[in-house]
Amino acid sequence: MARRYWLMKCEPAAYTIDDLARDGETSWEGVRNYQARNFMRDEMQVGDGVLFYASNADPAGVTGLAKITRAGYPDAFAWRKGHKYFDPDTDRNNPSWYMVDIGFVERFNGTVSLETLKQTKGLEQMMVTRKGSRLSVQPVTRPEYDIVVRLGRAL
DNA sequence: GCCAACGTTGGC
DNA sequence: GCCAACGTTGGC
């Protein structure tokens, strides 16, 4: 399958591109939305490109690049009682939730802000630029990915 | 911290 | 299966 591209959101209070640069690789557990789950479980492949997006940040926007280093596998945190990602309803034999691993690729010299994304020609269709788009894992097209990379490297 | 937009839940 | 109530997300 051809390489695909994604945008993944995270609040800086939880994890940043600097954390990923330090760690090299991290697991992406805790996604509790079915649409996002489906992307991780069914569509993400090792090598896919990721725009790392800081939400609830000042400014919010893309702070760097990552890549998928492990395709979808069951999110075991859902079975860890007392953990914030614990989900009493998920069955061990039929996991509700999936996660992936991502690896560090590149840290931008700043943030490609949501404002910039909204104003950039060619990104009008990007989910994240649409009002009320809360999905934390979103597909991105190759041209959109390339445009954002160019913007990020120009910072 | 506010609040609009959205997804999920649950009563009927 | 509808839809109101509720909880969460996320920009500002």
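Model, not experiment: these values are computed from the prediction. Reminder, nothing fancy here: chain letters follow the sequence lines and each chain counts from 1.
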A/Glu11 CD - C/dT9 C1' separation (whole Å): 8 Å
Proximity to the side chain of A/Ser55 - top-ranked nucleotide from B/dT8, B/dA5, C/dG11: C/dG11
Protein-nucleotide distance (A/Arg32, atom CZ; B/dT9, atom P), rounded to Å: 13 Å
Whole-Å distance separating the CG atom of A/Leu117 from the P atom of C/dG10: 15 Å
Value in whole Å for how far the P atom of B/dA5 lies from CG of A/Leu135: 18 Å
Closest listed nucleotide, where the reference is the side chain of A/Arg134 and the choices are C/dG11, B/dT8, B/dA5: B/dA5
Pair A/Arg150 + A/Asp146: basic N to acidic O under 4.0 Å: no
Cationic N near anionic O, under 4.0 Å, A/Lys67 to A/Asp48: no
First of A/Asn56 and A/Asn33 reached from the 5' end of DNA chain B, by closest nucleotide: A/Asn56
NZ/NE/NH1/NH2 to OD/OE distance under 4.0 Å, A/Lys118 and A/Glu124: no
Whole-Å distance separating the CE atom of A/Met8 from the P atom of C/dG10: 13 Å
Any A/Tyr53 side-chain N or O less than 4.0 Å from OP1/OP2 of C/dT9: no
Contact under 4.0 Å: A/Lys131 side-chain N or O vs B/dA5 OP1/OP2: yes
Sidechain N-carboxylate O distance under 4.0 Å for A/Asp75, A/Arg32: yes
Rounded interatomic separation in angstrom, taking NZ from A/Lys84 and P from C/dT9: 10 Å
